[in-house]
Structures are given as C-alpha cells and as structure tokens.
Enquirer: 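Handing you a structure now.
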Amino acid sequence: AALLIGLLVFRAVSDLIHLFSTPGAVTVDAPIPAQEITAQIGGGAAAIVSEGALVVNGVNAVSVVSLVLAIVLTAVAFIAASALALTACLRLLRGHLFDRTNVRLLFWLSMSLLAAWLCNDAFQVMGLNGVFAALDGEFTGQAAIAFSDVGTLIAAIGVGVLVIIFRRGAALQRET
C-alpha cells in the first residue's frame, strides 16, 4: 500500500509538471479528430493520429483549475481508496469478516473509487472544453474520456456488490 500510494503521488506530481511544462501555456493529452499524417520513422510512414499532446496559450483560469483538480482530486481519491483497502485487508487477515466496520470500509472504498472516476471525468472534460475553446474549436471527445477509465467504475461497482454481501453476512452473523 505504501508503494502504491508513493506511485500515485509520483504520477500526480508528474502529471502536474507535464501540464505546466511549457511556460505560459498548458500541455494536455487530448483526443483529437482523426488525421492522417506522415510519421517521421525511417523514410516516413502513413499514420492516423487520434490523440495528441496539445500545447495551448490563453486557456482561461477556470479550465486550468479544472485540469489541476482532475489530477489532484483523482489522486486523493485513489490514495484514500488504497488506505481503505489496506485497512479492510488487514481486518480480514485478522479474522474480522462480517462486521459493521468492514461494511463501512468497503462502502467508503467503493465511494472513493467512484469519486476518482467522476472527478477525473468531469474536471478533465471541463478543462479540455476550455483548451479547445482557446483554439477556437469544440471538444468532442467526452466519450473517449469517460470510457478511458471505465475500469475504475467497474471496480467501484464490484466493491459496492461486496458491501451488500458483507452487510448480509453481518446480519446473518448477528442472528446466529
């Protein structure tokens, strides 16, 4: 868990450095309309690009703050989820299976994963809308952003199912 939390902090800091890597501009990786280019590999090769790193000047403050919040809040939610998962696993290893504490830990773990997915999706889309507006364009990659991290949503739902199972198990254990 400590290694995972360290990696999450490292990734968040790296993403923030990447965001502000060009003075006076923001650098974002964004889905873009598919375009055919000639890749500079060897003698050149035809390629289709559907994502790119955009370096944009003049992005409004709300969009920049949204991009920062996407990074920071997602990292905080994943760090919280890691700590909750560690606590739940330690309790399970000690033999505390079906009790209210584990139900609460798993509930908040599920909510942390859901918050990570929502924060990343919502704030990144808001930020990219501002980036594309600064380029006099319109951002149309909302679906690509939403489905890029669908594994986190599935994990949140899976842990939510565990909450129901552990709640039923705790009720059965109290009855017996």
Side-chain angles (χ1 to χ4, degrees), residues 1-86 109-162:
L3 178 63
L4 178 61
I5 290 171
L7 289 173
L8 289 168
V9 169
F10 175 76
R11 180 178 177 199
V13 170
S14 296
D15 288 348
L16 286 171
I17 290 170
H18 175 69
L19 182 65
F20 297 112
S21 61
T22 304
V26 293
T27 304
V28 292
D29 296 326
I32 57 175
Q35 303 170 33
E36 189 170 323
I37 65 163
T38 301
Q40 300 299 320
I41 302 169
I48 297 177
V49 178
S50 60
E51 186 173 326
L54 303 175
V55 179
V56 183
N57 291 317
V59 178
N60 64 52
V62 173
S63 297
V64 174
V65 168
S66 293
L67 291 168
V68 170
L69 285 175
I71 295 168
V72 172
L73 292 178
T74 301
V76 167
F78 276 131
I79 289 168
S82 300
L84 290 164
L86 172 66
L109 172 58
S110 178
M111 291 299 109
S112 295
L113 290 171
L114 183 62
W117 180 75
L118 283 173
C119 287
N120 185 44
D121 186 27
F123 287 114
Q124 193 173 10
V125 167
M126 285 192 300
L128 289 175
N129 280 334
V131 167
F132 277 72
L135 295 170
D136 293 329
E138 185 175 339
F139 179 60
T140 58
Q142 292 87 350
I145 298 295
F147 290 115
S148 68
D149 198 22
V150 75
T152 303
L153 177 62
I154 292 169
I157 293 168
V159 174
V161 170
L162 285 178

Enquirer: If you round to the nearest 0.5 Å, how far is OG of Ser82 from CG of Leu109?
Expert: 8.5 Å

Enquirer: So, Thr38 side chain and Ala45 main chain: donor-acceptor pair closer than 3.5 Å or not?
Expert: no

Enquirer: Only counting residues at least two apart or in another chain, list the ones meeting ring-ring contact (aromatic ring centres under 6.0 Å, His included) with Phe139.
Expert: Phe132

Enquirer: Is the shortest heavy-atom distance from the side chain of Val28 to the side chain of Val56 under 4.5 Å?
Expert: no

Enquirer: How close do Val49 and Glu51 get, heavy atom to heavy atom, and via which atoms?
Expert: CG1-O, 3.2 Å

Enquirer: Nearest 0.5 angstrom please: Phe78 CZ to Asn120 CG, how far?
Expert: 7.5 Å

Enquirer: How far apart are the closest heavy atoms of Ile48 and Ala34, and which atoms are they?
Expert: CG2-CB, 3.9 Å

Enquirer: Measure the CZ-CG distance between Phe123 and Leu128 for me, rounded to the nearest 0.5 Å.
Expert: 13.5 Å

Enquirer: Hey, what do you get for CG (Leu113) to CG (Leu118), rounding to the nearest 0.5 Å?
Expert: 11.0 Å

Enquirer: Of all the heavy-atom pairs spanning Ala75 and Ala12, show the shortest one and how long it is.
Expert: CB-CB, 3.7 Å

Enquirer: Tell me, please, which residues at least two apart from Ser148 pass side chain to side chain contact (heavy atoms under 4.5 Å, CB included).
Expert: none

Enquirer: Just how far is it from atom CE of Met126 to atom CG of Leu69, taken to the nearest 0.5 Å?
Expert: 7.5 Å

Enquirer: Taking the side chain as C-beta and beyond, is there a heavy-atom pair between Phe20 and Leu67 under 4.5 Å?
Expert: no

Enquirer: Partners of Asp121 by salt bridge (Lys or Arg N to Asp or Glu O under 4.0 Å), sequence neighbours excluded?
Expert: none

Enquirer: What heavy-atom pair brings Thr27 and His18 nearest, and what distance separates the two atoms?
Expert: CB-O, 3.3 Å

Enquirer: Mind checking the CG-CD1 spacing from Leu84 to Ile79? Nearest 0.5 Å is all I need.
Expert: 12.0 Å

Enquirer: Please report the closest heavy-atom contact between Leu114 and Ala156, naming both atoms and the distance.
Expert: N-CB, 3.7 Å

Enquirer: Identify the heavy atoms of Ala134 and Asn57 that sit nearest to each other, and give their distance.
Expert: CB-O, 4.0 Å

